[in-house]
Each structure stands twice: as C-alpha cells, then as structure tokens.
Amino acid sequence: MEYNFKDIEKKWQQRWRDEKIYEVKEDPSKKKYYVLNMFPYPSGAGLHVGHPLGYIASDIYARYKRLQGFNVLNPMGYDAYGLPAEQYAIQTGQHPAITTVTNISRYREQLDKIGFSFDWSREVRTCDPNYYHWTQWAFQQMFESFFCLNDQKAKPISELAAYFAQEGTKGVHASCSEELEFSASEWNAMTEKQQQETLMNYRIAYLGNTMVNWCPKLGTVLANDEVVDGVSERGGYPVIQKMMKQWCLRVSAYSQRLLDGLDSINWTSSLKETQRNWIGRSEGAELSFKVKDSDVEMTVFTTRADTVFGVTFMVLAPESELVAQLTTAEQKDEIDAYISATQKRTELERQTDKKVSGVFTGSYAINPLTQESIPVWVSDYVLAGYGTGAIMAVPAHDSRDYAFAKHFNLEIRPLIEGCDVSEESFDAKEGIMINSPIPSQVENAPLVLNGLTIKEAIEKTKQYIKESGLGDVKVNYRLRDAIFSRQRYWGEPFPVYYKDGMPYMLPEDKLPLELPEVDKFLPTEAGDPPLGRAKDWVTEEGYPLELNTMPGFAGSSAYYLRYMDPHNNQRLVGPEANAYWENVDLYVGGTEHATGHLIYARFWNKFLYDLGYTVKDEPFQKLVNQGMIQGRSNFVYRIKDTNTFVSLGLKDKYEVTPIHVDVNIVSNDQLDIEAFKAWRPEFNAAEFILEEGKYICGWAVEKMSKSMYNVVNPDFIIERYGADTLRMYEMFLGPVEQSKPWDTNGIDGVHRFVRKFWSLFFDRDGKTLVTNDQADKKELKVLHTLIKKVSRDIEEFSYNTSISAFMICVNELQKLDCHKQDILETLLVTLAPFAPHIAEELWHQLGKQTSVCDASWPAFNEEYLKEDNVTYSISFNGKSRFTLSFPVDTSKEEIERTVLAHESAQKWLEGKTVRKVIVVPKKIVNIVIG
RNA sequence: GGUCGAAUGGUGGAAUUGGUAGACACGAGGGACUUAAAAUCCCUUGGCCAGUGAUGGCUGUGCGGGUUCGAUUCCCGCUUCGACUACCA
C-alpha cells in the first residue's frame, strides 16, 4: 500500500457518512459531552483556511472525548439570515433564500472535505421555518413575561396584571421602562388599550419609543454592538441617532444575573472582563436637585457622591425630557437650535469631533447641601441613555466637566487637599477632602466631609443622602435593552399583529409565521420596511401583521438548545433531551462575539431557564476563543515606469513600487516566475532581476482578503497535501487561542510527518512491515511518553505541542525499527483525533472491523516511564558545570556527599568554601560557594 | 483615555509555572544516493571568542532595577506592539 491521501480520505468520508458513524442519540448509560462551534454565516466567498481553525480544534476534542467513552454531541448548522444575502438580493433581484442555499451547499462541500465528526442529522438553519418557529415562540414568551426584581427572575405578565387588579403598583418591584404609580381601582378603571399600554412598560419583549442607531444607507436600525467606530459594522455606513418605535428586549433586567453568572463558568478572564465592562455595573447614588422657582426636580446619578460640595453647574442631555421644562423663554431659540444641530450629527461626527459645546437653559438648580443656585446647561457630552440623562458637574474632579467649565468660564472648586486644578482636573480617587463645605459654612452645615478620605466621604455622603431623603443609593448598569426590530426583509418575521394600534401575539398554533414573498427587497414608497410590499400580509381576521423582522442575533441565541432535539415539532427542546444534554460543555468561537451573541444567548437562556424550558442557567460552561487567522501577503517590487521586477534583497537600489502578488504562486517567499507571467496579461513580458537565480518576495501580515491576494482556500491545501495534513498543520501553527498569520511555509514538515507515520506500517514497495512481536520496554517507554503528553495537551488545548510529541515518537520508533502491532495500534488511537482518515485506514489495514472512532483512548502507565538512573545537573552558584547519574532512589544526603567528593567538583571548589547545597529532586544539585 | 494581554534565533513557536533557555518544525548551509532532478536520509544552525580537532569559555528571553543559591517565569519602574472598549458621570 502506498499513502494515497486522496483516495483514503474520499473513501472514509463516504463510509463514515454511509454508516452514520457520527450520529448520536441520548444514551443514559453513557456520560454526555456537548461540543459546540459558533455556527457560521454562509457568505458567498466560501471558507478560507482561517475559518476551520476552531472547528478542527473542537473536532479533535470531540473525537478525544468520544474515545474516552463519552457520548459526544458535536453538531453544526448555519446562521443563515444576514445582510450580505439581502444586499445581494437588492442588487440582483435574486431571492436571498436561493443565495443562502447555494452558499450553504458550498460551505458543506468544503467542510466535508476536512473530515469533521459532525452529526449532520441535527443540522439547523436559522432561516428554516421549523427552526424559526422557536425563535418566534421565544419572543412571544418574552412578550408574555415581566422581570420580578425581588425574585430576580422572569414571571408571567398575567401574574402582574392580576396583582395590579388587587393592589395596584404598591409593592411591585419589577424591571420597567418608567416607574409608574397607580392604585388597583385606577387600574380597573382603565380601558383595555390603557391596560395594554401599561403592561408594555413591564414586558420583557416590549414595543418602546427609544433612541436608536439608524443607518439611512441600510435603511434599518442597528444594535449597539452592530455599530463599530460610529459606522455600521456591515458596510461601514454612517449611523445617526433617531427616536423610533421599536421592539426591544429587556436585557438590562438581567444585568446582575449576567454579571453573577460569570463566576460560575469557565471562560477566559479577559472575555469575562469584556463582559463585565459591557454590563458596566457602577455603584453610586441618585440625588435630587430642586429647580429654583419651579416644581421640577432633577435627579442625577453619581459615583462620586463625595464631590457634591464642588458642583458648580448641572448638565442635561439634549434628548432629556427636562430640557423643554427648564428652558426659559429667552433661551428657547438658542436651545432649539442646539438640539436640532445635535440631532443631525452622525454618530461618527459625535465621536470624532469632541469640541466642547452647550447652551445655558436659563434655569438654576439648588444644591441640596449648600443651597447655592447653580446654572443648568444642555450639552451633548451627557448621554441620554445612561443614568438619568442629567449630571451634576464637578469640574475640579472630572475631566469632561473641567473642559466644559474652562470653555464657558464656570467656577472650578477644588475639594481635595493639595490638588492643582489650574491646568487639568484631578480625577484620581485618593486624597483628603477640603471645602466640603467651605470653611465659612462649616458651622451650620448638615454634612461635613472635610478631613475624610475620598472613600470615607463617599460612604458618609451616601448615608446622608439616604437618611435625609434627598436621594438613594443606586446601582447603575451600562448594559442597555436590545433593540429587536430591523427594517429588513431577510430575517424572522414577528408573530405579531396590530389591533386598535396595539400589538397582539398570534396564537401559538399559527406558528411559524412564514416569511412572505415580495416583489422587491426595498422599503416601500411610504417608507415602510420591505414586508410592507407583501400581499395579504394580514391575519385571517384581516388585522395587519408586523412589518419589521428580527435581528441577526435572534436566531443564534438558542440554537444550541435546538441541536439537542432538532426535529421536535412540539417544543424548542423536549425535556428528556434537555435533561440529558443539559448545556454546552465546550464552546469554541471568536472573541468578536464577546459583547453581542455571547450576551444575548446568555440572556435568552436565562429567560428560558426562568420559565423552566431549560435545566441550566448558563448555556456555555467552558469557552475557548480561537485566534483570528490573518493573511500573509506577498509582494513583488516593480522598478518605477518599467516592467522589470527586482528581488527583495536588491530592491533598495532602485525606486520601486510594491505590488501584491497571489500567495498561491509563491512558495517559501520564492516567486514561481512562470506562474507569475501567466497570472495576469500585463506581466506576460515581465523581466526580473534575481538574487542567486531566485526571485524572493517581500511579505506583510494583513487581513485575509481577496484584494490582498492572500486568501488561501482549504480545498487547495487538501488537494495538495490532504485533509489530515491540513488539520494537523492548522494546529501545529501555534496555540489555538492565539491570533497568527496563515503561512503555508512549513506545511511540508507536517506532511512529511504524516508520510513517515505511514512508513511505520508499509515499506517503499507497499509491503507491510507490521509484526506480531512483543513490545519491549524501550518501545513502551516511547509510546507511553507520547500518551502522557498528548492526554494532557488535549485537555489544555495545547495541540501544537502534541503534534511535536507525535513527531518525536515516530522518529524514535523509526530509530528503534519498531513495527509491532500492539504499539502501532495504540499509536493509531492517539492519532485518530488529529488525523482521522489515515488513522482509520491503517486501523483497518491492521484487520480491525470497527471504526477507530469507537476504540478506547489508551491508559497511560507510569511504570514504563520509570528510570533506573536519574541524571542531575551539577551547578555552582547557579551555573551548570557537569552532570552525574544516580540510582533513582538515592537520598539527598547521599547525592550531596557524592557530588562534593567527585573529582570534577574539586576543580570548581578549589580555594572556595561551600556555603550551601541545594538538591532539586531529579533535576539539579546547586552548590553555593564563595 | 480606560481595561486586558503580549514581547524568546532568520521564521512559526517550546520550556513540567522558580530549576540545564531555544523542544518540535520551517528556512538556510554542508553531505550521501542519483547521469540529473524530485523524493529520501545524515550532519551543522542564537551570538561572540579560543582551538587543526573532539571541545572549552563568555554572553543571551524588549529595557532598567529588585527578591532568590538559581528568574523567560515572581515584584517595581519604563519602552514598544496588539485586542476590546470608549464622553458611562
């Protein structure tokens, strides 16, 4: 037999498929293990070598767990809704469903060639009605629920309505958009519409009038995590702020639980930290300021309660409702002009242009601690969405307030002993308080902070605020509710109709509500979303259906639950399947989803958990972030105004323009000149200045993209080296978690290993070398060294070092001329997770009838690694000088004595005194001399 | 600006978490086989110095300090580069 990877891989991929070897069923007699990859969006460009990196890593783990006897669920599917297919549809008229199916089949073809152990019978596609049925269903459940803050969990909204009928809002402690107060009789007197409007304030999925990121070019709103650097993540179009009526999910209600849950899961600390920052818990105080000559009170949130004595002005966000109430007649024109100017600015302009701007409202607030009158301003540096949309400004100790005060010449009053605020504010949270209050007022002051540290002052002030009724201690979260409507076609339709201007849920037996056909994928002339073009987009009773669709994260929030029971027509997931698979044990994917998908999915899961639809509070127990694969671009250097190209080492002698060259016609940075000439017509007659007969290209690490000609297709690698080599090389490249450029240089080394492995079984002529001899101690030691190393490395996801271990092992066995069946059999099992095709082929060549996937991971036996003698490195003052061997159980004292008496030691000890001898077991003897 | 991480040969990267730095691989150089090439195999390969030579010495993990018998690893201070986030009060 010759190693013909093409035939072998094709054959086994077919057999695995025919024999359904990777299909799993719930099996209570076995322990489960659930491995999951973040499912891909099937883009038109297909896979490049970077995409499968995480899939390979998790596949190795899944196969390893299976060999250990676990019942492993390793599914795959597609996140099939998305903007690119829709943009393509707008341009070409091609229905996004068609584009999506084409792209999926191309993805599948590419994935199949790599030899994954996916159970494709469980495939899900978010755009499949059988799947989005449950996305719609979950949305309805959220509509029918509210979040009870006392119990920190979701409950049916009907309970809340019943409570209102009995007690009104008294004692209600629920997440809401706006704190309401009414009595039971007031509730009972409401019309149905009024009651519905009131309940909307509490629902977890609610229709709210909110400030949204509107992208005019895409014609849709975007979630915060879909806006990057002030422009849309997809397409890079400008984004502006706009008030719109939108479906929202009350994610913020779960802030504390999302934060607490992080402690119970095994994610990297950096990812947890990212989520903590995104949730942004901050403890502080809410404090009310009365407005002079008015009944209006301004409430502000601050984490620096200690600085109340330094408040010299107040600022409202332009969008704040208080602006209208506080603007005096004289200031109205100026304020109106300012507000409309801010509204017109795009998110990007707001971010890049940080010029200080603002307008005085004409009103004054009263500092509750000093009774001073302080001016109230409006400025866009205050955000409407955080805290109360109003702040107390302490210019001496906040750099933003400081810049504002300097610009408008407002008072800056330092509160910390010895701080200098002539040039900049003193933001640090350490020091001793002064001027709190100013000395002349100390006598009558209700609160004195002078002399306290900042920390003490914060505590004391909070206490005072609470006791005096000026405000309350408050925890604020940065995490906002998720905007859930998109003015798009290619997404899940909402199972919602409108009656009397109020939304109602379709009855459950009408689910799934399928996406209708439209003539064009553009908004209507009236400005309605594309669904406005659908004919008969009404219920059977004639009520209009919702025109928005759901965002991308809707379908990806509970897909891992659906994989457990993908064909269940009654439920998202049946209780038996859920009880067995529980949650994902290992989730592999990129960090780019840290603040999007990974927050939404946790929220979604916690919600379903509250309602009893899933058994685990957290969806993803362990999470590994695979690094991004960057491109490694190659360049040729054209001498200016010629068609002559000069090799890298000589380019400095000329004036040259670097030009990207296709990395696929470059090998080890050496250009294939003939391929280059054929690459593009204008290079046909190109001439070259070579170094030592070679044209050497320059290189740089860039994003992998078509325009840089650095895209490497896995099909191309598989064609040349085979899937097993691709799999191993991707892992050999470096740690899975690390981002690194793809560099095909070096793949030969791994390919050489695979062929060497084969040559343990067959000689050059294809004759078998396998013998039935008993393995000897040396050989068993080589084998068990490998088992020990690989077992540990796999657990730690350190695949690159496992592969090194395989290379060493095969070299050793070759040196020992070992071809013994029992050694080779075990070796095959350990290799199977990494290179399943060759392992399976050789396994059958050894006469096995069942798949190597169903073998058992070898137990590692310490006995074989035991040595008779141990070599110690003998050092003097930490410098290693010579080595000595001792029987394994020699005592420390014995070693010490022998070493000091040894003739080589005498040379180093000459004229010196021995101060100390340190014996490190099995390693080192260090002799301290002086 | 904030948070987190990283820095080791020509290159990708190892180092049992305080114990012989540079495993493994690529590349490069030399050699064997071959008419030749491919393939395969063997040797050398951090730097500097000495020696015909086996070998020996010094130096070396971004920079500067510290702790320690001993530091790539721990502590303090810098420099540079990434990732995430960004007027969050």
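The structure presented is a predicted model; accordingly, all values stated were derived computationally and were not measured. No hydrogens, no waters, no symmetry mates; every other heavy atom, side chains included, goes into these values. All chains are named by letter (A, B, ...) in the order of the sequence lines, taking the proteins before the strands, and each is independently numbered beginning at 1.
Phosphate proximity of A83(B) to S270(A): absent, as no side-chain N or O sits under 4.0 Å from OP1 or OP2. At C69(B), one or more side-chain N or O atoms of K916(A) fall inside 4.0 Å of OP1 or OP2 (strictly under the cut-off). Contact between the side-chain N/O atoms of Y381(A) and the OP1/OP2 oxygens of A89(B) is not found at any separation under 4.0 Å. Here N926(A) does not reach the OP1 or OP2 of G18(B): none of its side-chain N or O atoms lies under 4.0 Å away. Under 4.0 angstrom from either OP1 or OP2 of A14(B) there lies at least one side-chain N or O belonging to N800(A). Contact annotation: Q738(A) reaches the phosphate of G13(B) (side-chain N/O to OP1 or OP2, under 4.0 Å). Here R752(A) reaches the OP1 or OP2 of C26(B): one of its side-chain N or O atoms lies under 4.0 Å away.
Distance noted for atom P between A71(B) and G66(B): 12 Å (whole Å). One P atom belongs to G62(B), the other to C58(B), and the distance between them is 22 Å to the nearest Å. Distance noted for atom P between A83(B) and C43(B): 42 Å (whole Å). Comparing U40(B) with C26(B), their P atoms sit 10 Å apart, to the nearest whole Å.
Across the strands present, A54(B) finds no partner; the criterion is a Watson-Crick or G-U wobble pair with both atom distances under 3.5 angstrom. For A37(B), there is no paired base (Watson-Crick or G-U wobble, both distances below 3.5 Å). Nucleotide U79(B) is matched to A7(B) when pairs are restricted to Watson-Crick or G-U wobble geometry with both distances under 3.5 angstrom. When both pairing distances are held under 3.5 Å, U61(B) makes no Watson-Crick or G-U pair with any nucleotide shown.
Between R400(A) and D398(A) there is a salt bridge, with a side-chain nitrogen of the basic residue lying less than 4.0 Å from a carboxylate oxygen of the acidic one. Between E867(A) and K781(A) a salt bridge is recorded (basic side-chain N to carboxylate O distance below 4.0 Å).
Other residues, nucleotides and ligands place no more than 12 heavy atoms under 6.0 Å from the CD atom of E423(A).
A donor-acceptor contact under 3.5 Å is not formed by the side chain of K879(A) with the base of U20(B).
Here the side chain of I808(A) is nearest to one of U40(B), A23(B), U85(B), namely A23(B). Of the candidate nucleotides G57(B), A86(B), A25(B), G57(B) has the atom nearest to the side chain of R881(A).
The 5' end of RNA chain B is approached more closely, in terms of each residue's nearest nucleotide, by M807(A) than by the other of M807(A) and I391(A).
Counting any heavy atom pair closer than 4.0 Å across all strands shown, N625(A) reaches no nucleic acid atom. Across all strands shown, T591(A) has no heavy atoms under 4.0 Å from either base or sugar-phosphate atoms.
At least one cation-pi condition fails for R764(A) and W758(A): the charged atom is not both under 6.0 angstrom from the six-membered ring centre and inside a 45 degree cone around its axis.
Rounded to whole angstrom, the span from the CZ atom of R400(A) across to the P atom of A89(B) amounts to 7 Å. Per the geometry, OH belonging to Y477(A) stands 22 Å off P belonging to U85(B), to the nearest Å. In this structure, M731(A) atom CE and G12(B) atom C1' are separated by 14 Å, rounded to whole Å.
By the 30° and 60° cut-offs, the orientation of the rings of F408(A) relative to W377(A) is tilted. A tilted orientation is assigned to the rings of H784(A) and Y864(A), their planes being inclined by 30° to 60°.
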